[in-house]
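The structure under discussion appears below in the form of structure tokens.
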Amino acid sequence: MGELEGAPTMNKYIPHTPDDIRQMLDKIGVNSIDDLFADIPESVRLQKEYELPEAMSEEEIRAYFKALGEQNQQQVIFAGGGAYDHYTPSAIDALLSRSEFLTAYTPYQPEISQGTLQYIFEYQSHICELTGMDCTNASMYDGATAAVEAIFMAVAQAKKKNRVLVSATINPTLVSIIHTYAKYKGINVDLIPEANGHTDRTAMQTMLAEGDVAGVLVGSPNHYGIIEDYTGFADDIHAAKALMIMHCDPSSLAVLKTPAAWGADIACGDGQPLGIPLSFGGPYVGFLACKKELVRKLPGRIVGATKDVDGKRAFVLTLQAREQHIRREKANSNICSNQSLMALHITIYLALMGKQGLREVNEQSYGAAHYLHDELVKTGLFTPAFPDAPFLKEFALRTTLPVKALQAHLAKHGYMAGIALGDYREGMDDCILFCATEKRTKEQIDELVKLVKEVQL
Amino acid sequence: MKYYDKLIFEISRPGRVGYSLPKNWSTDNGQQSTDKPDGSLSIVNCQLSIPKVLLRETPAELPEVSELDVVRHYTNVSNKNFGVETGFYPLGSCTMKYNPKINEEIAHHPAFSGLHPLQNEESVQGALAIYYHTARALSELTGLADFTLTPFAGAHGELTGLMVMRQYHLLRGDTKRTRVIVPDSAHGTNPASAAVCGLEIVEVKSTANGTVDTNDLKGLLDDTIAGIMMTNPNTLGIYETQVVEIARLVHEAGGLLYYDGANLNPMLGASRPGDMGFDIMHINLHKTFSTPHGGGGPGSGPVGVAAHLVDCLPNPRVKFADGKYRIENGKWKIESTHPDGNNSQFSILNSQFNSSCGRVAAFMGNFGVVMKAYTYILSLGKDIKHVGPIATLNANYVKESLRDAYYLPVDTVCKHEFVFDGLADKSTGVTTLDIAKRLLDYGYHAPTIYFPLLFHQSIMIEPTETESKETLDDFIDIMHRVAEEALSDPDMVKSAPHTTPVRRLDETTAAKNPLLKYRDLM
């Protein structure tokens, strides 16, 4: 390794010439780079060449990924399940590629990080506006980890209580993640049963009465796409001295009642529906917002406004006494970073779409999804899994067709036809969760319906 | 435009828009759409056909701005930022190397960015190949058997790795092992991750040069110890020469060794964590593998394990068999219809823990970041072995060039980074913070300061291998000049920075009266 002779003289990512290396070694006072590694015991020194390919040129890399890309199939997306195919304005990528945003470190030096700090402040403003909450942090990894942190907040706030209730109507993948964290942290998680696709309020009341409940997590829209009516839930939950946590689709909050208006104490969810490309599942961004009484329990970074010594408005990371680098094992969370660039993504999205655009996204998605719903039901092959339940863009249907064969047939023609609910839930092998956003055209929906009819034949 | 100081909300004007949507399902402000060719559509305004109780009462006050407003605003905002492409980042433990452009181009490839994470396996074979081969490459570079790429960041990887550690002991019925040893010099995330994983922290002392005190360690090892978390090189940039002995001691006591990959960069081409005896590790792709920090994320924190721990990795797993890549999700379901109580649902759910530690992310992690790291690995190929040696050369060069003006508390060969304990001459009261702020005036990012906690005035410097000798020489000159200024004009240094978009901030008031959103300013 690293001998002068073997040093890279022609590598675009390592600029050192043999002459540089010689001069630097002289300054250090050693003969070779190897001498700098003499302290590593022989038995654990790397003695071999890595079994990796030779370095590839850019042209070779482009060809390599092009070939891999051809092994993927671009599908017309009629599914959600936590990742939604919404329109992404062109200006976002152009701005996100600016190296001042892209290649910056965490804004620990506020004097040269006002760009990052300001957009996080704007992000926080947007999230509070959508959720109706008083405060939020600078973002989380994704919607699921945001929900987990919300549960940790509830347990920390309750001090001695150690049980949380989670509605069975939320995304089952989210349930499995919550359960994983809870298992190791030592929190008891119980599922609130559902009734006809809705969280069973009576069952929740019974479970709250059993005691020890620190928080209750519900979803909006829920896993079936249903917009549940949570009237009275906050009263029940608060009477049991627990916190109400609402996991929601932030895009929907342009039209749906806010978590704050439902009486929730914490709102969380995934920012992906706010124009973040599907990207095979990531990077996305989670959000976590709460009432002001809970701000000191919020994990992660928070940006606040202040002034500099000249009285100029400026932004800075604040309330850091909550965080792991200060509190170490006593911190409520181990989160160190945020998902900053993706927070910028949705900040710019919300600026571009604005007050009118986000509403229009919902209205058009609603239009596409309801047309799809009605056309599928008209075929006689589908019935609503939860009749008359209100939905925006996602809905569950029962079908007389074999679900897997239906999906396979449509995939062959380039359509992603919903999510098989039987993969996630017992007793739902004949159910599919469909989704349509504003990007789906009438022609695409008509083609999907036509293809569905072929399965029957 | 360094003086631009507007918030997006302050340039909003009612009636402006910055978007265009196709009118496929347009409601034209609440009117029914009747402009479809066949007239078959009857789209009703959703505000009317969803029960009122479910709807928002007042509109969200989002900005109303044109596209140019938005583009100019964020361009001006970006100009108040500093990135790797703006200038040199000697930021210890953060490995702020150059973020290659080809990585970005590949990660934006439309054949990947449009994939839904729940598409059928056959339709995402290219994406799964990238996931699989990235894991293989990381295994080769670290000497560990397999990796999960789902953790989103370093701290998330740590937590996942500790879940693997606990799961391993639990599967063996070794339930007493609930304590984990962490060096007193460790990153703050180590103890925080351990606590979130339900582990109790036991601190092991460091020797004078920051390495693990093996005598102290011996006294801590017993049958309640789940394992030890270490970095190697440690936070002072010093290789733990006792690592083989430490591994033997911990393994003999029934514990596992966790490697914090924050300091992996100098080990490329030099030494592999798996060979050192580590059982579990995480990698920060945004450090060693050149993916951009993005102002704080998205990162990616893959977790690797030795062969005996592979089955404890979280789901989903990507496997290759019979010429096809497959996603393994584990078996678990929610029972959705259940007249009596919830216990049945829960037992079904429990079966996700056959041997896997569970699930830490909804989908495949930050896949876009993985694509960038894989591009980097392919760009360097076998030549990646030069990364560690050159990073180490750079760090030692800077250290030896500045030790006359700054106090070097541990005088030995370092690896990727090293730590000064403030100025050599502290008589003027100029602190590490003042030096850091003065560097900003000269167009440098500050080094990591006041970490590690072993010294009062820590200045931690990590140059990385992508910086040239000329860049380092310029930095060395400026560091010398700042040391001279500390003597000749200490007040000027103490009030730095002077030329940045804003100057030192009132952080006390910010914490006392938190103003966290635009409405708080109105």
Side-chain angles (χ1 to χ4, degrees), chain A residues 1-2 8 15 20 24 28 33 54-56 68-69 71-73 95 98-100 102-104 106 111-112 114-116 125 128 135 141 144 172 176 180 184 191 277 280-283 304-306 308 314 318 324-325 328-329 331 334 336-337 339-341 352 355 357 363-364 366-367 425-426, chain B residues 18-19 25 27 43 46 54 60 62 74 78 80-85 111 113 115 117 123 125-126 152 155 188 191-193 195-198 201 269 292 294-298 334-336 342 358-359 362-364 366-367 378 381 386 389 396-397 468-469 500 502-503 505 510 515-518:
Chain A
M1 67 173 212
D20 292 337
M24 293 168 82
I28 298 166
I33 295 178
E54 295 295 334
M56 284 164 76
L68 283 176
Q71 293 173 36
N72 295 330
Q73 181 195 28
L95 290 166
R98 290 188 67 85
S99 71
E100 297 87 345
L102 181 70
T103 72
T106 297
E111 298 89 345
I112 53 167
Q114 286 299 303
T116 301
S125 304
C128 290
C135 42
Y141 304 135
S176 86
T180 298
Y184 297 103
L191 289 186
F280 200 47
T306 187
D308 77 353
T318 193
Q324 49 77 28
H325 62 279
R328 297 174 78 86
E329 69 269 22
N334 72 326
C336 177
S337 56
Q339 200 85 338
S340 203
L341 198 72
L352 287 165
K355 191 175 180 176
E363 290 173 353
Q364 293 220 41
Y366 177 95
R425 294 174 180 277
E426 288 294 316
Chain B
Y19 73 98
W25 313 95
T27 56
I43 306 308
C46 75
L54 304 177
L62 297 172
Y74 288 103
S78 81
K80 294 192 278 185
N81 243 16
F82 185 98
V84 171
E85 290 176 26
S113 58
L115 294 180
S123 69
Q125 286 292 303
F152 292 114
S193 300
V196 172
C197 196
I201 288 79
I334 292 182
E335 187 171 330
S336 58
N342 52 40
R359 192 176 186 108
F363 304 117
M364 309 300 282
N366 284 337
F367 181 74
L378 293 176
H386 298 304
N396 281 283
Y397 179 67
S468 68
K469 180 171 177 294
T500 45
V502 297
R503 295 179 55 213
L505 303 181
L515 304 170
L516 308 180
K517 58 183 186 296
Y518 179 55

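A, B, ... follow the sequence lines: proteins, then strands. Residue 1 opens every chain.
Listed here is the closest heavy atom pair of A:K355 and B:L62: N-CB, 3.5 Å. The minimum heavy-atom distance linking A:A314 with B:V502 is given by the pair CB-CG1, 4.0 Å. In terms of heavy atoms, B:W25 sits closest to A:Q364 at N-OE1, 2.8 Å. Listed here is the closest heavy atom pair of B:S193 and A:N334: OG-ND2, 2.8 Å.
Atom CZ of B:F152 is separated from atom OH of A:Y141 by 9.5 Å, given to the nearest 0.5 angstrom. Rounding to the nearest 0.5 angstrom, the gap separating the CG atom in B:L516 from the OG1 atom in A:T318 is 7.5 Å. To the nearest 0.5 Å, atom CD1 of residue A:I33 and atom CG of residue B:N396 are 10.5 Å apart. To the nearest 0.5 Å, the span separating CZ on B:R503 from CG on A:D308 amounts to 7.0 Å.
Most heavy-atom pairs under 4.5 Å with chain B, from the set A:E111, A:Q71, A:Q73: that is A:E111. The greatest number of non-hydrogen atom pairs below 4.5 Å with chain A, out of B:P292, B:A362, B:P298, is found for B:P298. Each of A:G357, A:G304, A:C336, A:P277 has some count of heavy-atom pairs under 4.5 Å with chain B, and the biggest count is that of A:G357. Of the residues considered (B:V84, B:L115, B:L515, B:L505), B:L115 shows the highest number of contacts with chain A, using heavy-atom pairs under 4.5 Å. Listed options A:L68, A:N72, A:L341 were ranked by heavy-atom pairs under 4.5 angstrom with chain B; first place goes to A:N72. In terms of heavy-atom pairs under 4.5 angstrom with chain A, the leader among B:G18, B:P117, B:A111 is B:P117. Counting heavy-atom pairs closer than 4.5 Å to chain A, the top residue among B:S113, B:S123, B:G198, B:G188 is B:S123. Note: A:L102 leads A:T116, A:L95, A:L102 in heavy-atom pairs under 4.5 Å with chain B. Note on B:C197, B:G126, B:A195, B:G381: by heavy-atom pairs under 4.5 Å with chain A, the leading option is B:G126. If you tally non-hydrogen atom pairs under 4.5 Å between each of A:D20, A:T106, A:I28 and chain B, the highest count goes to A:I28. With chain B as the partner, the residue from A:S337, A:P283, A:A144 showing the most heavy-atom pairs under 4.5 Å is A:P283.
Annotation: side chain to side chain donor-acceptor pair (under 3.5 Å) contacts of A:S340 (sequence neighbours excluded): A:Y119. Remark: B:S78 engages A:R98 in a side chain to side chain donor-acceptor pair (under 3.5 Å) (not counting sequence neighbours).
Panel note: side chain B:T500, backbone A:I112; no donor-acceptor pair is recorded below 3.5 Å. Of the possible polar contacts, none joining the A:T180 side chain to the B:G358 backbone as a donor-acceptor pair under 3.5 Å is found.
Within the 4.5 angstrom heavy-atom criterion, only side-chain atoms of B:I201, from C-beta onward, approach chain A. Heavy-atom distances place the side chain of B:F363, and not its backbone, under 4.5 Å from chain A.
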